Amino acid sequence: MLTNVPKGTKDIMPEQVYKWHFVENKWKAICEKYGFKEIRTPMFEYTELFQRGIGDTTDVVQKEMYTFNDHGGRSITLKPEGTSPAVRAFIEHNMYADVQPTKIYYDIPCFRYEKPQSGRLRQFHQFGVETFGTPNMIADAEIIAIGYDFLKEMGVTDLTLEINSVGCPVCRANHRKALKDFLAPKYDCLCDTCKSRYDKNPMRILDCKSPIDKELVKGAPMMLDYLCEECENAFEELKENLDAIGIEYKVNAGIVRGLDYYTKTAFEFVTDSLGAQGTVCGGGRYDNLVQEVGGPPIPGVGFGLGKERLIMLMEANGAVIPQPVGCDVFIATMGKPAKLYGQKLMRELRLAGLKVQMDDLQRNFKGQFKYADRLGAKYTVVIGDDEISRGAVSLKNMATGEQTDVKFEDIVNAINV
RNA sequence: GUGGGUGUCGGCAAGUGGUCAAGCCAUCGGGUUGUGGCUCCGAUAUGCGUGGGUUCGAAUCCCACCAUCCACCCCA
């Protein structure tokens with residue numbers, strides 16, 4: 001127990017971490033290119049923020065949050081998602097008083113108490129973007145474009161963009177009523193999970209995998225047919241914008257976001273090469289969230305993108321993730337004067353910007369070479385009594401085996417990495 | 001919360017009631033004291049997830065628990 005990570009968490013080991021660095025650096029670069037600025041919010045917030053923001057009745061709030069009281073008796077929750085904290089910061093810092101829209105991105109850990117499985121952890125990590133201050137579908141298209149371009153750049157190939165509109169509270173209520181009326185006579189035939197969905201989230205029933213339910217649901221009223229004029233226009237506009245920038249999508253009327261705050265646009269990037277967790281990136285518009293959390297009536301749109309799922313998918317797609325060189329130069333020494341000189345040289349070379357290593361386990365000479373090899377050193381510098389007395393070292397190219405004599409003062413220039 | 005799979009050295013893995021628990025990779029040491037990747041030799045589990053039980057005898061059978069993986073629900 002003492003030596004196990006907590007359930008649902010993972011150590012990201014040194015030999016894996018370059019993958020994370022790779023996607024993080026690319027993420028930052030693409031967001032900056034699109035004019036987004038990074039925001040860093042705390043790892044935890046007051047519990048009420050999520051209750052109000054995500055919605056009291058959602059699974060996330062009802063059973064998945066890491067909530068505790070601090071020593072001052074405040075209820076604290078480790079953030080289960082990134083949008084609510086971003087919204088809170090947007091309001092708290094009066095960001096709506098700046099030039100609009102406000103475009104921000106982040107790279108955060110999230111916490112959800114769930115039963116772990118493939119692509120699902122209790123601590124997971126996500127990238128996110130949010131645009132505040134515009135109801136225009138140009139913003140939605142831009143948000144989707146970031147995800148699309150980023151995923152493409154990451155070498156992910158088998159991915160589909162699915163879009164939908166979940167309407168606004170007005171049209172959603174109409175649809176919900178129509179749907180329940182439609183299903184009411186068939187209620188007894190529904191599967192058990194769908195029976196429980198009937199009151200909680202009837203739209204989910206449209207998505208059920210049970211063949212019986214699939215049959216029952218045929219001809220059911222779809223959200224898209226119940227959109228009010230404003231939502232209908234918005235959805236058409238979104239499609240126009242996506243067409244204009246050449247982003248392919250599939251309308252999937254079954255997409256339902258599990259977080260209450262979404263309105264109008266809902267979208268997901270999905271894959272079937274990741275097992276059950278096919279959604280790598282999901283998001284949408286939230287026109288009422290800022291107000292719900294206590295700010296002015298300002299609309300927003302954004303997404304979350306799971307880093308673990310992204311990396312898994314990159315690997316499944318055979319994407320190339322460049323692995324940095326670990327060691328440019330290894331310094332092998334014989335005898336104490338050489339060891340002392342080697343340390344001085346190591347420091348000089350490091351100050352010159354090279355990655356330099358030497359043995360600190362008193363390995364014999366052969367062992368030092370073996371170690372150099374294991375480190376993947378491109379060059380090995382050999383220093384012994386001979387070299388010290390003639391003021392030069394022997395420089396060996398580990399790949400070619402070629403060995404040259406280099407004067408002390410020329411070493412930095414002789415190394416070409 | 002419900003269901004299924006799995007648990008033998010750092011990693012992979014044989015063994016399925018009876019001599020000291022194979023083998024491979026990795027690690028460490030060495031092959032006459034200044035040159036790696038190849039090769040050769042040697043070392044490395046009184047213990048087989050944990051605790052009980054059955055038996056003359058258990059890694060091998062039974063029970064419980066734990067861990068982990070996968071699936072449902074839901075989500076990134």
Side-chain angles (χ1 to χ4, degrees), chain A residues 1 3-10 13 15 54 57-64 79-83 107-128 147 151 191-194 196-197 200-201 204 207-210 255-259 262 267-271 274-283 302-313 330-335 338 359 361 363-387 393-403:
Chain A
M1 205 59 183
T3 53
N4 285 118
V5 285
K7 195 183 181 76
T9 66
K10 272 201 162 63
M13 298 304 285
E15 61 270 21
I54 300 171
T57 62
T58 57
D59 279 5
V60 171
V61 169
Q62 282 193 339
K63 48 184 210 198
E64 294 174 3
K79 60 182 167 197
E81 56 102 37
T83 299
D107 174 359
I108 56 169
C110 292
F111 306 86
R112 266 133 79 165
Y113 187 83
E114 295 192 85
K115 194 119 179 211
Q117 68 190 76
S118 180
R120 154 178 292 157
L121 293 167
R122 290 184 175 179
Q123 178 178 342
F124 62 101
H125 301 82
Q126 60 175 230
F127 295 131
L151 290 164
C191 73
D192 287 345
T193 45
C194 282
S196 73
R197 283 163 168 161
K200 242 175 65 182
N201 195 348
R204 271 277 164 203
D207 218 13
C208 185
K209 283 154 196 109
S210 150
I255 293 181
V256 184
R257 313 258 74 227
L259 282 50
Y262 286 109
F267 66 90
E268 290 182 357
F269 287 90
V270 296
T271 177
L274 233 48
Q277 267 60 51
T279 302
V280 178
C281 173
F303 70 66
L305 193 158
K307 283 161 79 173
E308 283 84 357
R309 289 182 188 181
L310 169 65
I311 291 170
M312 283 197 297
L313 186 57
F330 186 86
I331 299 174
T333 63
M334 288 285 297
D359 165 64
L361 284 179
R363 272 179 255 253
N364 62 26
F365 196 65
K366 183 175 182 161
Q368 292 183 49
F369 259 88
K370 221 167 191 169
Y371 183 43
D373 194 60
R374 292 305 312 274
L375 292 175
K378 293 167 124 176
Y379 289 93
T380 296
V381 166
V382 177
I383 312 171
D385 294 342
D386 293 356
E387 284 78 6
V393 300
S394 175
L395 182 68
K396 179 168 183 172
N397 181 319
M398 295 297 275
T400 65
E402 182 187 351
Q403 209 158 336

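Please read all numbers here as calculations on a predicted model, not as lab measurements. Convention: sequence-line order gives letters A, B, ...; per-chain numbering from 1.
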Can you check nucleotides 2-7 of chain B for protein contacts, nitrogen or oxygen pairs under 3.5 Å, and list what you find?
residue : atom : partner : partner atom : Å
B/rU2   : O4   : A/K115  : NZ           : 2.7

How far does the C1' atom of B/rG37 sit from the matching atom of B/rU32, given to the nearest Å? 23 Å
Can you list the residues that meet the side-chain hydrogen bond (donor to acceptor under 3.5 Å, both in side chains) rule with A/K396, with sequence neighbours excluded? none
State which residues pass side-chain contact (heavy atoms from CB on, under 4.5 Å) with A/T279; sequence neighbours excluded, sorted by chain then number. A/E268, A/V270, A/R309
P spacing across the pair B/rG51 / B/rU8, given as an integer number of angstrom: 16 Å
Determine which nucleotide pairs with B/rG18, using a 3.5 Å limit on both distances of a Watson-Crick or G-U wobble pair. B/rC56
With heavy atoms under 4.0 Å as the rule, sort A/G119 into base, sugar-phosphate or nothing. base
B/rC41 versus B/rU60 - spacing of their P atoms, nearest Å: 34 Å
Does A/Q277 put a side-chain nitrogen or oxygen below 4.0 Å from OP1 or OP2 of B/rA76? no
Separation of the P atoms in B/rC70 and B/rC61, to the nearest angstrom: 26 Å
Base, sugar-phosphate or nothing for A/L121? Non-hydrogen atoms, less than 4.0 Å. base
If B/rG34 has a Watson-Crick or G-U wobble mate with both distances under 3.5 Å, name it; if not, just say none. none
A/E308: partners by side-chain hydrogen bond (donor to acceptor under 3.5 Å, both in side chains), with sequence neighbours left out: A/H125
A/N364 vs B/rG30: side-chain N/O to OP1/OP2 distance below 4.0 Å: yes
In Watson-Crick or G-U wobble terms, both distances under 3.5 Å, what is the partner of B/rU46? none
What distance, rounded to whole Å, do you find between the two P atoms, one in B/rC25 and one in B/rC20? 27 Å
Taking every non-hydrogen atom, the tightest pair across A/P80 and A/C110: O-CB, 3.8 Å
Quick one: A/H125 NE2 to B/rA76 P, roughly how many Å, whole number? 16 Å
Base-pairing mate for B/rU68 - Watson-Crick or G-U, with both contacts under 3.5 Å: B/rG5
In Å, rounded to the nearest 0.5 Å, how long is the span from OG1 of A/T83 to CD of A/Q126? 7.5 Å
Can you find a donor-acceptor N/O pair under 3.5 angstrom joining the side chain of A/Q368 to the base of B/rU35? no
With respect to the phosphate group of B/rC72, does any side-chain polar atom (N or O) of A/Q117 fall under 4.0 Å of OP1 or OP2? yes
Of all residues at least two apart in sequence or in a different chain, which pass the side-chain hydrogen bond (donor to acceptor under 3.5 Å, both in side chains) check with A/Q368? none
More than 12 heavy atoms of other groups within 6.0 Å of A/F365 CZ: yes
N/O to N/O distances under 3.5 Å, protein versus nucleotides 36-45 of chain B:
residue : atom : partner : partner atom : Å
B/rG36  : N7   : A/K396  : NZ           : 3.1
B/rG36  : N1   : A/M398  : O            : 2.5
B/rG36  : N2   : A/D373  : OD1          : 2.9
B/rG36  : N2   : A/M398  : O            : 3.0
B/rG36  : N3   : A/D373  : OD1          : 3.1
B/rG37  : O4'  : A/D373  : OD2          : 3.2

A/K63 NZ to B/rC72 P, in whole Å, measures 14 Å
Taking side-chain contact (heavy atoms from CB on, under 4.5 Å) as the definition, give me every residue that meets it alongside A/K7, ordered by chain and number, with sequence neighbours left out. A/P116, A/R122
What interatomic distance, in whole Å, is found between P of B/rA21 and the corresponding atom of B/rA45? 10 Å
How far does CG of A/L310 sit from CZ of A/F127, to the nearest 0.5 angstrom? 6.5 Å
Considering only the C1' atoms, how many Å lie between B/rU6 and B/rA43, rounded to the nearest integer? 32 Å
Pick base, sugar-phosphate or nothing for A/V382, based on heavy-atom distances below 4.0 Å to the nucleic acid. base
Should A/S118 be listed as having a side-chain N or O under 4.0 Å from OP1 or OP2 of B/rC70? yes
Between A/P116 and A/Q126, just flag the one whose closest nucleotide in RNA chain B comes earlier from the 5' side. A/P116
Going by modelled atom types, is there a donor-acceptor pair between the base of B/rG34 and the side chain of A/E387 at under 3.5 Å? yes
For A/E81, check side-chain hydrogen bond (donor to acceptor under 3.5 Å, both in side chains) against everything at least two apart and list the hits. A/S84, A/Y261
Determine the Euclidean distance between corresponding P atoms of B/rU54 and B/rA14; express it in Å to zero decimal places. 31 Å
With a 4.0 Å limit, can you tell me whether A/R363 has a side-chain N or O closer than that to the phosphate oxygens OP1/OP2 of B/rG29? no
A/F111: ring-ring contact (aromatic ring centres under 6.0 Å, His included) partners, not counting sequence neighbours: none
How many Å lie between CG on A/L274 and P on B/rC70, as a whole number? 11 Å
